[in-house]
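Beneath this line is the structure, given in structure tokens, with notes to follow.
Start at 1 and go down the list; that is how both ligands and their atoms are numbered. These numbers come from the heavy atoms of this one structure, side chains and all, not from hydrogens, waters or symmetry mates.
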Amino acid sequence: MVFSKDILSVYFILGSQNVPGKDPIGILKQALEGGITAFQFREKGKGAVVGREKFELAERMQTLCKSYDVPFIINDDVDLAISLKADGLHIGQDDQALADVKEKLADLNMFIGVSARTKEEAQAAIDGGADYIGAGPIHVTSTKHDAKSPIGIDGIKSLKNEIGSFPLVAIGGIQLEDVLPLREAGADGVSVISEISASDDPKESAQQLCNQFK
Ligand code: 3NM
């Protein structure tokens, strides 16, 4: 899929490990009903499923995203992204190197996002041919156990000074009230897990986030 900045507005991320005892498909469906603009399948960490179960969950989520015409992005797992022909792949600084990933995806129509916390990481991602940057964490987050120290909204401002109009989505501990300040700081969108998945009403939470972009 050809990348467009617009998909970054309300970028929902989920894996089954984020919602133990609940149905991740049902939560994704509600988020899609609420208007999310992109979805990332991030099946990772304690409690994540693997192998066939991971593949089947991803496949079901992809089918659901397709029915809402929302881009389906895979976190880290290049082989899964290739076999499902995902719309995009997202990699972190500790995942496979961008150059290797670019090579593997060379003939596929898949965009690539890279996590970046510093100007150097952001610049390297841009130079390496990334399509967008996921910048954070903005605040302390309990969702990613190995998250680094927060860069705050000021961190987004200084990254923007460095990268100009290059597409950037903010991530990490983001709540509804952060959206406008983050947009003012130059973020093209917000990426969230718990703000939607831990809500009593994921559809309503997704809608509220989307309303900040109207
Ligand atoms: N990446 P929540 S923070 C997946 O800083 C992820 O790169 C981060 O979850 C980074 O919205 C994070 O619940 C977790 O804080 C985001």
Side-chain angles (χ1 to χ4, degrees), residues 8-20 22 24 27-28 30-31 34 36-48 54 58 61 72-77 81 88-96 98 101 112-122 124-126 130-160 163 167-179 181-183 185 187-202 204-206 208-210 212:
L8 298 178
S9 304
V10 181
Y11 181 149
F12 181 44
I13 304 178
L14 189 67
S16 65
Q17 76 284 346
N18 298 126
V19 286
K22 291 194 196 165
I27 292 173
L28 172 59
Q30 291 180 67
I36 59 164
T37 54
F39 174 66
Q40 182 190 118
F41 177 68
R42 183 176 180 276
E43 191 66 27
K44 208 173 207 178
K46 202 166 171 275
K54 179 179 179 184
M61 288 179 147
F72 177 78
I73 301 154
I74 299 243
N75 181 287
D76 190 11
D77 192 335
L89 176 80
H90 186 93
I91 53 171
Q93 291 290 323
D94 299 330
D95 300 336
Q96 261 186 67
L98 177 57
V101 170
I112 305 177
V114 177
S115 301
R117 192 175 165 280
T118 65
K119 292 174 183 176
E120 291 72 24
E121 288 172 356
I126 296 169
D131 293 287
Y132 75 90
I133 281 170
I138 304 305
H139 301 303
V140 171
T141 173
S142 50
T143 311
K144 187 173 192 270
H145 72 91
D146 58 351
K148 303 233 165 74
S149 60
I151 61 170
I153 291 175
D154 284 346
I156 296 298
K157 284 187 194 150
S158 46
L159 276 176
K160 281 301 284 186
I163 69 172
L168 178 152
V169 64
I171 185 165
I174 296 174
Q175 296 184 312
L176 183 61
E177 59 269 26
D178 295 312
V179 179
L182 281 166
R183 290 194 71 196
D188 295 296
V190 292
S191 196
V192 303
I193 298 179
S194 40
E195 184 65 354
I196 293 178
S197 68
S199 164
D200 290 339
D201 189 342
E204 167 77 15
S205 297
Q208 286 177 344
L209 290 167
C210 292
Q212 305 294 306

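- On a distance-only criterion, T141 and ligand 1 share at least one N/O pair closer than 3.5 Å.
- A heavy-atom separation below 4.0 Å is found between G173 and ligand 1.
- Taking any N or O of A147, backbone or side chain, none lies under 3.5 Å from an N or O belonging to ligand 1.
- For F39, the ring-ring contact (aromatic ring centres under 6.0 Å, His included) partners are F12, not counting sequence neighbours.
- The distance from ligand 1 to the heavy atoms of S194 drops below 4.0 Å at these ligand atoms: 2 (P), 11 (O), 13 (O).
- In terms of protein heavy-atom proximity, atom 1 (N) of ligand 1 is nearest to K144 CD, 3.3 Å.
- Annotation: S115 places no N or O atom under 3.5 Å from an N or O atom of ligand 1; distance criterion only.
- With Y11 as the fixed residue, the side chain to side chain contact (heavy atoms under 4.5 Å, CB included) test singles out one of I73, I171, L209, D188: I73.
- At least one heavy atom of R42 lies less than 4.0 angstrom from ligand 1.
- Using a 4.0 Å cut-off to heavy atoms of G136, the atoms of ligand 1 that qualify are 5 (O).
- Side-chain atoms of R183 come within 3.5 Å of backbone atoms of Q212 as a donor-acceptor pair (strictly under, hydrogens ignored).
- Of all protein heavy atoms, the one closest to atom 11 (O) of ligand 1 is I193 N, 2.9 Å.
- The shortest N or O to N or O distance between I171 and ligand 1 is not below 3.5 Å.
- The shortest N or O to N or O distance between G172 and ligand 1 is not below 3.5 Å.
- In terms of N/O distances under 3.5 Å, ligand 1 is approached by T143.
- Listed by atom number, the atoms of ligand 1 under 4.0 Å from V192 heavy atoms are 11 (O).
- Put simply, the side chain of D95 reaches to within 4.5 Å of the side chain of K44, judged on heavy atoms.
- A donor-acceptor pair under 3.5 Å is absent between the side-chain atoms of Q30 and the main chain of I196, judged by distance alone.
- A donor-acceptor contact shorter than 3.5 Å links the side chain of D131 to the backbone of I112.
- With ligand atoms numbered from 1 in the order given, ligand 1 contributes 5 (O) to contacts under 4.0 Å with heavy atoms of P137.
- Side chain of T37 to backbone of V10: a donor-acceptor contact under 3.5 angstrom is found.
- A donor-acceptor contact shorter than 3.5 Å is absent between the side chain of E195 and the backbone of S205.
- With values rounded to the nearest 0.5 angstrom, L182 atom CG is found 4.5 Å from I153 atom CD1.
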